[in-house]
Amino acid sequence: MGDAGYSTMMDAILFLAMVSACALILSAATTEGRERHVADSSLRALASSSLASMETSRVDYFEYRVLGDRVDEVAERCGIDQGSWLYSETTKAVLGRGNRHKPVMEIAAEASACQFTLRLGGDALRLNPLTGDYTGQAQATVDRFLRERLDGRYAYNFSIRWTPFAGVPFEGSLSCGDAPPPGAASASALVTMPYRASMTKESIEEAISPTLDEIERSTAEYMAGGSEAVFRERLRSSLGSCLEKASRLMVDDVLDNTLYQASGDTGNPLSLLASFSDDYMTVEPIRANDSLDVKEALCKMIALYSEEPLDGLVDEIARGVKDGTLTPAEERQMIVRWTCSRYSPSSARATLYVWVRADA
């Protein structure tokens, strides 16, 4: 065999060796990728099934104490032994509340809805001091359920967030578990809140009907040759009035279902906080103490955080009227739909992350 033939044979052998090596590398990478995909799919399925089970699994007995954490603080300052049988039984008898056979998710949803938390400037202000112990007991219940559901190989993070007013930094939330690592498998679902909202599209339309009639008259004047600038000004003022009237109904609905229901006959829950603490809670521009009118504060926040969307609605209506593509009836329904869209109290977003523990 000549040198040329020998060289060609060696080149062929080296080529085949390189192809074989590449095949081994690709095979390993493909296998690893397939295993990772299967593992991720398995974790997502586990997260989804665990989240669903929270809605059907019931707790035999769930109990908490109204203002329990605040009473414990006072007891500690007075040197009272909180671990004593007498203290435990007395506070339970006076402040204790309980429910039997309630779904785990319903407990979490109720805990999120009764907190009334404002988030402004990176700070959080909780307006309801009555249910600190409720929140702690709810977290413990969720944690116990999920740790029993997931074996020791897995870690988790659960959260539920309720935001009844569109665009307003007012919410309720509950979370427990460890901080999820990047890329952790998750499942998310909308959860129906455990109360019935009395607000309907019809009730909102009825409340703002006189103002809608004013808007219709302003529109007719503009279409008859009136000033566009005057029409826009009147429209903006009337829409602001619609939102103000509707927001009072919305806030009353939320308060009656959550904060005031938890407070019973005690009136403003913040006055109870003042009885147990000299501290004042401040989140600019709100200073929360026993004189804070929660209803008025929420109505002002709804108006404040709706200004930009309201301006957008003015532009949309003005364009439609000018182009002749928006009839008076369509204009009316557009305003009603927009007003209704600012309020969605009936559901919360629940999310569960699941991942394999590093020490598993």
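Index from 1, following the sequence.
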Practice item. Flag yes if more than 12 heavy atoms outside Arg161 fall under 6.0 Å of its CZ atom; otherwise flag no. Key: no
Review point. Is there a donor-acceptor pair under 3.5 Å between the side chain of Glu330 and the backbone N or O of Thr327?
Key: yes
Practice item. Using a strict 4.0 Å threshold on nitrogen-to-oxygen distance, state whether Glu214 and Arg234 make a salt bridge. Key: no
Point to revise | Polar contact flag, side-chain donor to acceptor under 3.5 angstrom, Ser112-Arg349 | key: no
Exercise for review: Please say whether more than 12 non-hydrogen atoms of neighbouring residues, nucleotides or ligands are located less than 6.0 Å from NZ in Lys300.
Suggested key: no
Review point. Do NZ/NE/NH1/NH2 and the carboxylate oxygens of Glu296 and Arg248 come within less than 4.0 Å?
Key: yes
Review point. Is a donor on one side and an acceptor on the other found under 3.5 Å between the side chain of Arg153 and the backbone of Val356?
Key: no
Exercise for review: Mind listing the closest non-hydrogen atom pair of Met193 and Ala109 along with its distance?
Suggested key: CE-O, 3.4 Å
Practice item. Give a yes or no answer on whether the side chain of Ser203 reaches the backbone of Met199 with a donor-acceptor pair at less than 3.5 Å. Key: no
Point to revise | Minimal non-hydrogen separation, Ala138 against Ala111, with atom names | key: CB-CB, 3.8 Å
Exercise for review: Grab the two heavy atoms, one from Val254 and one from Pro164, that are nearest each other, plus how far apart they are.
Suggested key: CG2-CB, 4.3 Å
Practice item. Please confirm whether the backbone N or O of Glu233 pairs with a side-chain atom of Ser237, one donor and one acceptor, at under 3.5 Å? Key: no
Point to revise | Minimum-distance pair of heavy atoms, taken over all atoms of Thr339 and Ile335 | key: OG1-O, 2.8 Å
Point to revise | Any side-chain heavy-atom pair of Ile215 and Ile317 under 4.5 Å | key: no
Exercise for review: Check the surroundings of atom CZ in Phe145: do more than 12 heavy atoms from other residues, nucleotides or ligands lie under 6.0 Å from it?
Suggested key: yes
Review point. Is Arg147 paired with Asp143 through a side-chain N to carboxylate O contact shorter than 4.0 Å?
Key: yes
Practice item. Grab the two heavy atoms, one from Lys245 and one from Ala207, that are nearest each other, plus how far apart they are. Key: CD-O, 3.8 Å
Check your understanding: Would you call Glu228 and Arg232 a salt bridge, taking side-chain N to carboxylate O under 4.0 Å as the test?
Key -> yes
**Study point:** Donor-acceptor contact present, side-chain Ser49 to main-chain Leu46, <3.5 Å
**Key:** yes
Review point. How close do Trp162 and Pro345 get, heavy atom to heavy atom, and via which atoms?
Key: NE1-O, 2.9 Å
Check your understanding: If only atom types and distance count, is the side chain of Ser48 paired as donor or acceptor with the main-chain N or O of Ala45 below 3.5 Å?
Key -> no
Check your understanding: Centres of the Tyr156 and Tyr353 rings: under 6.0 Å?
Key -> no
Review point. Hey, is the main chain of Glu206 close enough, under 3.5 Å, to the side chain of Ser209 for a donor-acceptor pair?
Key: no
**Study point:** Pair Asp315 + Arg236, salt bridge at N-O below 4.0 Å
**Key:** no
Check your understanding: Does Ala185 offer a backbone N or O that forms a donor-acceptor pair with the side chain of Trp355 under 3.5 Å?
Key -> no
Review point. With Tyr222, which of Leu235, Val321, Val230 fulfils side chain to side chain contact (heavy atoms under 4.5 Å, CB included)?
Key: Val321
